[in-house]
Amino acid sequence: MYIKNIAHYVPYTILNNEYFTKLNGLSNEWIKERTGIMERRKASPDENTSTMAIESVKKLATITTFPLDKVDLIIGASYTPDDTIGTFAHRIQKYLKAMNSIVLTISSACSSFINAMEVVEGYFATKKSQNALIVISEHNTAFNDEKDKVSGHLWGDGSVAILVCKEYEYASIKVQEIITKGAALSGHGPDSVTLKMPFGKIQMPFGKDVFLNACNYMSSITKQILEKNNYSIKDMAYFIPHQANFRISKKVMEQLEMKAESVISNIQYLGNTGSAGSAIGLSENWNMFKMGEKIVVSVFGGGYGYGTMLLEKL
């Protein structure tokens with residue numbers, strides 16, 4: 001299958017590290033050293049997961065030649081929904097007037113992007129879909145306790161819309177392979193990062209456990225997908241990891257013995273945008289990729305779930 005077009009949206013409000021210094025005493029240097037984050041985006045009071053999702057779809061509509069009202073599958077992906085019944089996937093269908101679309105929403109924490117791609121792969125394989133729209137949207141700041149010294153300074157908001165087609169027709173990127181797995185039996189698993197509805201906040205009581213498992217699983221599954229397709233690390237032009245913490249990205253880079261310039265990162269200026277982070281990274285750098293280049297996206301989410309995707313620029 002193929003990615004035809006991609007577009008992203010991030011809110012306009014910027015929170016720098018000094019904002020959190022005033023709230024909880026964490027210095028700019030302390031936050032930068034431990035997370036790599038210098039600023040992050042925060043949705044305005046009149047924005048939510050659904051409105052940001054629609055904004056990225058609007059941007060996608062301006063750059064694609066494919067009529068989005070003709071998509072036959074719409075998948076929303078998020079762990080921070082504003083509505084768990086009338087989901088943003090349904091609102092996108094209504095916005096597009098895509099009358100014949102299958103509509104569903106999934107949530108597998110920060111690995112939701114790759115999981116959504118694999119769901120599309122399944123619909124394509126069963127011939128129930130030909131052209132799919134994946135929209136990932138996270139409104140982390142709606143569920144964040146900014147005074148929490150453990151994770152309150154991590155989170156940012158954003159969305160991304162991806163047009164995925166079964167057949168090659170002016171496509172930009174080929175999806176060569178997708179692998180996803182669960183690792184809930186490792187470490188503290190589902191207790192490591194939590195968001196307990198309806199009135200809970202994002203909590204990360206076992207941050208070190210998340211760090212260690214994220215590094216190990218993202219490294220191992222990246223090696224696995226490359227070896228399965230007869231490639232080496234040197235064949236990978238770019239690596240887009242989940243944007244959780246720049247220290248995680250650096251550690252994975254070291255474990256894989258990659259060059260620093262091959263790692264794509266946006267956490268420095270967007271913060272942790274959850275399952276949207278790596279997809280936004282793909283969107284931001286879309287025009288940089290050259291024909292024949294191999295790109296690997298690798299994710300790890302609280303829960304624990306992880307996955308990777310091997311792409312080739314056409």
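Just so you know, residue 1 is the first one in the sequence shown, and it goes up from there. What you are looking at is a predicted structure, and each value in this text was computed from that prediction instead of being measured. Only heavy atoms go into these numbers, but all of them, side chains included; no hydrogens, no water, no symmetry mates.
- We find the OG-CD1 distance between Ser56 and Ile136 to be 9.0 Å, quoted to the nearest 0.5 Å.
- Within 6.0 Å of NZ on Lys4 lie more than 12 heavy atoms contributed by other residues, nucleotides or ligands.
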(request) Assess whether side chain to side chain contact (heavy atoms under 4.5 Å, CB included) is satisfied between Asn245 and Asn272, documenting all intermediate values. (result) CA-CA 7 Å; Asn245 184 315; Asn272 184 344; over 6 Å; no

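- When side chains are defined from C-beta on, Asn17 counts as touching Lys32, because their heavy atoms get closer than 4.5 Å.
- Hydrophobic clustering (ILVMFWY, side-chain heavy atoms < 4.5 Å, transitive): Ile280 and Ile267 are in distinct clusters.
- In this structure, Phe239 CZ and Ile264 CD1 are separated by 10.5 Å, a value rounded to the nearest 0.5 Å.
- Closest approach of Ser78 and Pro81 over heavy atoms only: OG-N, 3.8 Å.
- Contact between Leu68 and Val57 at its shortest, heavy atoms only, is CD1-O, 4.0 Å.
- Here the closest non-hydrogen pair linking Ile248 and Ala244 is CD1-CB, 4.2 Å.
- Met258 and Met236 make their closest contact through SD-CE, 3.1 Å (heavy atoms, listed as atom of the first residue, atom of the second, distance).
- Atoms CG and CG, from Leu154 and Asn140 in turn, are 9.5 Å apart once rounded to the nearest 0.5 Å.
- One distance of note links CG of Asn266 with CZ of Phe246; it measures 11.0 Å at 0.5 Å rounding.
- Atom CD of Glu169 has 12 or fewer neighbouring heavy atoms from other residues, nucleotides or ligands inside a 6.0 Å radius.
- Using bins of under 30°, 30° to 60° and over 60° for the plane-to-plane angle, the ring pair His153/Phe20 lands in the perpendicular bin.
- For the pair Val150 and Met204, the tightest heavy-atom approach, listed with the atom from each and the gap, is CG1-O, 3.4 Å.
- Taking hydrophobic clusters as Ile, Leu, Val, Met, Phe, Trp and Tyr residues chained together by side-chain heavy-atom distances below 4.5 Å, Leu163 shares a cluster with Leu96.
- For the pair Cys165 and Met1, the minimum side-chain heavy-atom distance is 4.5 Å or more.
- Asp72 places a side-chain N or O within 3.5 Å of a backbone atom of Gln130 that can act as its donor or acceptor partner.
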(request) Output, in order, the C-alpha distance, side-chain angles, deciding distance and verdict of side chain to side chain contact (heavy atoms under 4.5 Å, CB included) for Gln255 and Cys215. (result) CA-CA 8 Å; Gln255 290 175 336; Cys215 293; 4.0 Å; yes

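- The minimum heavy-atom distance linking Thr80 with Ser137 is given by the pair OG1-O, 4.0 Å.
- Remark: the backbone N or O of Tyr238 is not paired with any side-chain donor or acceptor of Ser262 at under 3.5 angstrom.
- Listed for the Glu47 side chain is a donor-acceptor partner under 3.5 Å among the backbone atoms of Ser44.
- Counting heavy-atom neighbours within 6.0 Å of Met197 CE, excluding the residue itself, gives a total above 12.
- A cation-pi arrangement is absent between Arg41 and Tyr12 under the rule of less than 6.0 angstrom and at most 45 degrees off the ring axis.
- At least one donor-acceptor pair closer than 3.5 Å links the side chain of Ser220 to the backbone N or O of Asn216.
- At a cut-off of 3.5 Å, with distance as the only test, a side-chain donor of Ser275 or Glu138 sits close to an acceptor on the other residue.
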(message) If you apply the rule side chain to side chain contact (heavy atoms under 4.5 Å, CB included), what do you find for Cys110 with Tyr79, and how did you get there?
(response) CA-CA 8 Å; Cys110 293; Tyr79 57 82; 3.9 Å; yes

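- Residue Met52 is not grouped with residue Leu15 when hydrophobic side chains (ILVMFWY) are merged at heavy-atom distances under 4.5 angstrom, including chains of intermediate members.
- The local environment of NZ in Lys250 is sparse, with at most 12 non-hydrogen atoms from other residues, nucleotides or ligands closer than 6.0 Å.
- If you chain together hydrophobic residues whose side chains sit under 4.5 Å apart, Leu311 and Ile179 never meet in one group.
- No donor-acceptor pair closer than 3.5 Å links the side chain of Gln268 to the backbone N or O of Met38.
- Using a 4.5 Å heavy-atom threshold, the side chains of Glu284 and His8 count as touching.
- Here the straight-line distance linking atom NE2 of His90 with atom NZ of Lys94 works out to 12.5 Å at 0.5 Å rounding.
- Put simply, the side chain of Ser192 never gets that close to the backbone of Gly302: no donor and acceptor are under 3.5 Å apart.
- Side-chain contact between Tyr95 and Lys58 is present, with heavy atoms from C-beta onward closer than 4.5 Å.
- Ionic pairing of Arg40 and Asp157 is not present here: no N-O contact between side-chain nitrogen and carboxylate oxygen is shorter than 4.0 angstrom.
- In terms of modelled atom types and a separation under 3.5 Å, the side chain of Asn48 and the main chain of Thr51 share a donor-acceptor contact.
- For the residue pair Thr87 / Thr105, a side-chain donor-acceptor distance below 3.5 Å is found, with atom types taken as modelled.
- The side-chain heavy atoms of Ile114 and Thr308, taken from C-beta on, include no pair separated by under 4.5 Å.
- With contacts defined as side-chain heavy-atom distances shorter than 4.5 Å, the pair Val120/Ile134 qualifies.
- Checking side-chain atoms of Glu227 against main-chain N and O of Gln224 turns up no donor-acceptor pair under 3.5 Å.
- Between Lys42 and Glu146 a salt bridge is recorded (basic side-chain N to carboxylate O distance below 4.0 Å).
- At a threshold of 4.5 Å between non-hydrogen side-chain atoms, the residues Leu73 and Leu133 do not count as touching.
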(request) Determine, stepwise, if the pair Gln93 / Ser101 fulfils side-chain hydrogen bond (donor to acceptor under 3.5 Å, both in side chains). (result) CA-CA 7 Å; Gln93 183 191 29; Ser101 293; 4.9 Å; no

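- Proximity of Tyr306 to Lys181: side-chain heavy atoms (C-beta onward) are separated by under 4.5 Å at one or more points.
- The line from CG of Leu282 to OG of Ser278 is 8.0 Å long, rounded to the nearest 0.5 Å.
- Side chain to side chain, Asp235 and Ser232 meet the donor-acceptor criterion of an N or O pair below 3.5 Å.
- There is a side-chain donor-acceptor pair under 3.5 Å between Ser151 and Asp148.
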(request) Check step by step if side chain to side chain contact (heavy atoms under 4.5 Å, CB included) holds for Ile202 and Thr194. (result) CA-CA 6 Å; Ile202 300 173; Thr194 63; over 6 Å; no

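- At least one donor-acceptor pair under 3.5 Å links the side chain of Thr126 to the backbone N or O of Tyr123.
- With hydrogens and angles left out, the side-chain atoms of Tyr304 and Asp209 include a donor and acceptor closer than 3.5 Å.
- Follow the hydrophobic side-chain contacts under 4.5 Å out from Ile295 and you never reach Leu256; the two are in separate clusters.
- Looking only at atom types and distance, the side chain of Gln243 has no donor-acceptor partner in the side chain of Thr273 under 3.5 Å away.
- Through direct or relayed side-chain contacts under 4.5 Å between Ile, Leu, Val, Met, Phe, Trp and Tyr, Tyr168 connects to Tyr2, Leu314.
- In this structure, Glu261 places its CD atom where more than 12 heavy-atom neighbours from other residues, nucleotides or ligands lie under 6.0 Å away.
- With Asn229 contributing its side chain and Ile225 its backbone, the two residues share a donor-acceptor pair below 3.5 Å.
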